[in-house]
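We name chains A, B, ... by the order of the sequence lines, and we start the count at 1 in each one.
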Amino acid sequence: MKKPFYLTTTLPYVNASPHVGFALEMVQADCLVRYWALQGVDVFFNTGTDEHGQKLFEAAQKADMEVQKYVDQYAEQFRSLKEKLNLSANLHFIRTTDPHHVVAAQEMWKRCLKNGDIEKRVYKGLYCVGDEAFIKESELVDGKCPNHPTMDLIELEEENYFFLLSKYQKKLLEYLSQPGVVVPEWRRKEAINFVESGLEDFSISRVKEKMSWGIPVPDDDMQVMYVWFDALTNYISTLDWPNEEGNFKKYWVDGVTYQMAGKDQVRFQSIMWQGMLMSAGIPTTQHILYHGFITSGGQKMSKSIGNVIDPIAVAEEYGIDALRFFLLRHIHPTEDSDFTIERFKEAYNADLANGLGNLVARVMQLAQTHLTVDLVKEIPSTLQSSILRATVYTDYISSLNNYEFDRALISIWSYIQELDQKITETAPFKVVKTDLEAGQRMIHDLVQGLYMIADMIGPVMPTTSELIKQAVVSNTKPINMFARKE
RNA sequence: CGCGGGGUAGAGCAGGAGUAGCUCGUCAGGCUCAUAACCUGAAGGUCGUAGGUGCAAUUCCUACCCCCGCAACCA
């Protein structure tokens with residue numbers, strides 16, 4: 001019996017529509033979940049939305065809306081990604097405004113408090129009256145607020161609760177000393193460096209009077225939790241924690257735990273969150289996978305440059321599977337990568353239209369013409385075909401086991417090329433005219449290869465995979481799967 | 001001396017001590033089962049710069065140059 005797996009994405013903050021970077025995270029996660037599920041693993045798959053905090057509070061005020069209604073709107077956009085990106089059916093979606101999450105966050109607080117890791121202190125910071133907010137030092141422009149360069153910043157103090165992260169320096173270093181807790185490996189070293197350079201305690205609450213949109217601090221009416229403390233707790237509240245039995249025990253305590261996040265999240269996910277878990281006496285996360293960022297035209301995406309890629313629009317024009325394919329094949333799993341429509345179209349035409357789509361068409365045309373349904377019946381159960389070069393499958397497996405989506409797909413596509421070559425070299429369409437049986441055997445082999453491809457691309461392109469399998473089983477050439485785009 | 005990633009054919013990338021590889025693009029052939037697709041071949045690179053260690057370096061070491069992130073309360 002395989003251990004159950006748990007995998008969560010980060011929860012996006014709902015101050016904007018889903019962007020392509022989150023689509024990447026979601027699709028990577030979904031690919032792993034589907035891959036594991038195919039191997040018979042019981043997987044708990046989590047995502048959701050982070051809905052508290054000052055920025056949302058202000059945004060709602062600007063929009064002249066009730067905060068809850070404001071976040072409801074955005075939450076729905078993220079929830080609908082399940083259909084728009086064709087994510088696994090078992091995906092759990094948690095909102096940090098869900099009542100049971102609120103309870104969990106407060107319980108997390110109490111545990112950390114009880115363990116002596118939360119204490120009240122004076123928070124000193126530079127406060128901009130124009131923004132009515134603290135400005136962090138790295139944001140300063142010539143010592144002034146970037147939004148209000150003519151105004152002087154005032155030093156302001158307020159009482160906040162602090163999480164004593166510094167107490168966990170040693171334990172965090174022990175945690176980070178385990179290979180695999182942070183992927184890629186060089187980011188683990190980065191995290192170790194960061195912890196070794198010293199950890200600061202963090203403010204984890206805000207004065208309610210100034211900003212009420214947050215989870216109330218237990219036993220203190222004057223303060224609400226600062227978002228990150230609240231939001232991080234979702235990873236276990238989604239498992240019904242603080243109920244220690246059931247899903248929490250099954251997946252978090254006894255299972256194999258995975259988180260996915262963007263590269264900017266290392267200190268939140270691998271350091272603060274792990275510190276919180278340690279404080280609360282809960283097992284730490286076993287593997288956290290960090291993807292890179294997506295640029296467009298070599299620059300950060302921004303509305304003013306006009307290089308923003310809307311993943312939903314791409315999916316609508318080219319198909320969900322095409323988007324999923326591009327994100328997994330042409331975006332590096334862990335490094336930054338570039339995404340432009342030009343590159344996307346190039347990959348679409350080369351890999352999907354001319355590659356996979358065309359191969360399906362030529363093989364299934366041969367099959368439909370020269371084979372019968374009876375002849376292909378046994379195909380799904382006989383995947384160990386002689387036509388499959390053994391290394392294709394083993395490369396595919398080992399790549400996915402290392403979260404190297406791009407390599408897994410490269411290996412499948414090299415096989416597609418092999419089949420194209422084989423058709424040209426052995427010319428079954430010719431052989432069939434002089435020796436029907438020999439030709440049929442060749443075509444049968446090709447169909448088997450096609451089925452194998454369908455199997456392997458399942459986690460990446462679920463719909464395409466199904467269409468190919470159906471075509472094989474019904475011995476029918478399907479309509480163009482990926483029409484060329486000019 | 002802050003930390004990390006990277007600089008390889010026109011473009012995008014892989015590789016990693018011992019005839020430099022892939023995709024797209026270009027050029028020339030071939031095939032006709034296929035989505036004007038597919039197959040074969042060719043042109044195109046002194047692998048950022050300068051040193052060093054090797055019988056041998058693009059691959060290791062050192063220095064430097066350039067690009068990109070990060071440098072914590074941004075969710």
Side-chain angles (χ1 to χ4, degrees), chain A residues 10-15 49-56 96 123 125 134-139 160 162-163 165 184 186-187 189-194 196-206 226-232 261-268 271-272 292-293 295 298-300 329-330 332 334-338 340 342-343 345-347 349-370 406-407 410 413-414 416-417 419-432 439 442-443 446 477 479-486:
Chain A
T10 49
L11 298 199
Y13 201 53
V14 292
N15 57 353
T49 42
D50 179 5
E51 306 183 4
H52 288 122
Q54 178 148 350
K55 284 199 172 171
L56 291 175
T96 58
Y123 176 75
F134 286 102
I135 308 294
K136 60 173 180 168
E137 285 196 20
S138 56
E139 281 177 345
N160 283 169
F162 276 70
F163 180 76
L165 186 66
W186 55 267
R187 250 183 225 298
K189 298 198 170 111
E190 207 173 75
I192 290 171
N193 268 338
F194 181 77
E196 279 176 342
S197 71
L199 296 173
E200 287 176 19
D201 299 331
F202 265 77
S203 158
I204 53 169
S205 73
R206 289 292 182 266
Y226 187 57
V227 264
W228 69 258
F229 188 94
D230 146 19
L232 289 169
K263 65 177 189 180
D264 58 335
Q265 290 286 318
V266 176
R267 53 193 62 148
F268 287 100
I271 296 172
M272 295 179 193
F293 284 168
T295 55
Q299 292 175 293
K300 274 188 180 177
R329 167 61 184 86
H330 291 283
H332 189 103
T334 55
E335 312 260 357
D336 291 357
S337 301
D338 209 54
T340 60
E342 290 70 28
R343 288 192 60 196
K345 201 181 282 183
E346 178 187 311
N349 281 331
D351 298 330
L352 298 179
N354 299 349
L356 179 59
N358 183 59
L359 180 70
V360 171
R362 63 195 304 209
V363 171
M364 287 317 299
Q365 175 67 49
L366 289 169
Q368 184 177 264
T369 311
H370 302 292
D406 55 343
R407 280 178 180 274
I410 285 170
W413 256 255
S414 75
I416 289 176
Q417 189 174 39
L419 290 189
D420 270 327
Q421 286 165 347
K422 198 172 187 96
I423 295 173
T424 302
E425 282 162 17
T426 62
F429 44 87
K430 246 185 216 166
V431 174
V432 116
M442 289 173 177
I443 296 168
L446 291 168
K477 178 186 174 186
I479 52 160
N480 281 7
M481 318 193 78
F482 300 101
R484 272 191 73 91
K485 300 264 186 183
E486 297 310 326

Inter-nucleotide C1' distance (B:A56, B:A36), Å rounded: 49 Å
Salt bridge (charged side-chain N to carboxylate O under 4.0 Å, His left out) filter on A:D420, not counting sequence neighbours, yields A:R362
Pairwise C1' distance, B:C47 and B:G12 [rounded to whole Å]: 16 Å
Sticking with atom C1', work out how far B:U58 lies from B:G7, rounded to a whole angstrom. 12 Å
A:A261: partners by side chain to side chain contact (heavy atoms under 4.5 Å, CB included), with sequence neighbours left out: A:T10, A:Q265, A:Q269, A:Y290
Under-3.5 Å N/O pairs linking protein and nucleotides 10-14 of chain B:
residue: B:G12; atom: O2'; partner: A:R343; partner atom: NH2; Å: 3.0

A:R267 CZ to B:C74 P, straight-line distance once rounded to whole Å: 13 Å
Is there a side chain to side chain contact (heavy atoms under 4.5 Å, CB included) between A:N349 and A:K485 once you walk through the steps? CA-CA 7 Å; A:N349 281 331; A:K485 300 264 186 183; 4.2 Å; yes
Want to know the stems of RNA chain B: at least 3 consecutive Watson-Crick or G-U pairs with distances under 3.5 Å, which are they? B:2-7 with B:65-70, B:10-13 with B:21-24, B:26-30 with B:38-42, B:48-52 with B:60-64
How many whole angstroms separate atom CD of A:Q265 from atom C1' of B:C70? 13 Å
In terms of side-chain heavy atoms of A:E190, which of B:A71, B:C73, B:C3 is nearest? B:C3
Please enumerate all residues that pass side chain to side chain contact (heavy atoms under 4.5 Å, CB included) together with A:A427, with sequence neighbours excluded. A:F429, A:K430
Using a strict 4.0 Å threshold on nitrogen-to-oxygen distance, state whether A:E190 and A:R187 make a salt bridge. yes
Write down the distance between CZ (A:F293) and P (B:G69), rounded to a whole number of angstrom. 10 Å
Selected nucleotide, minimal atom distance to A:K55 side chain, candidates B:A72, B:C3, B:C74: B:C74
Nearest-angstrom distance from the residue atom CG of A:L199 to C1' of B:A71: 14 Å
For nucleotides 31-41 of chain B, just jot down a letter per nucleotide in 5' to 3' order: B, S or -, based on protein non-hydrogen atoms under 4.0 Å. -SBBB-SSSS-
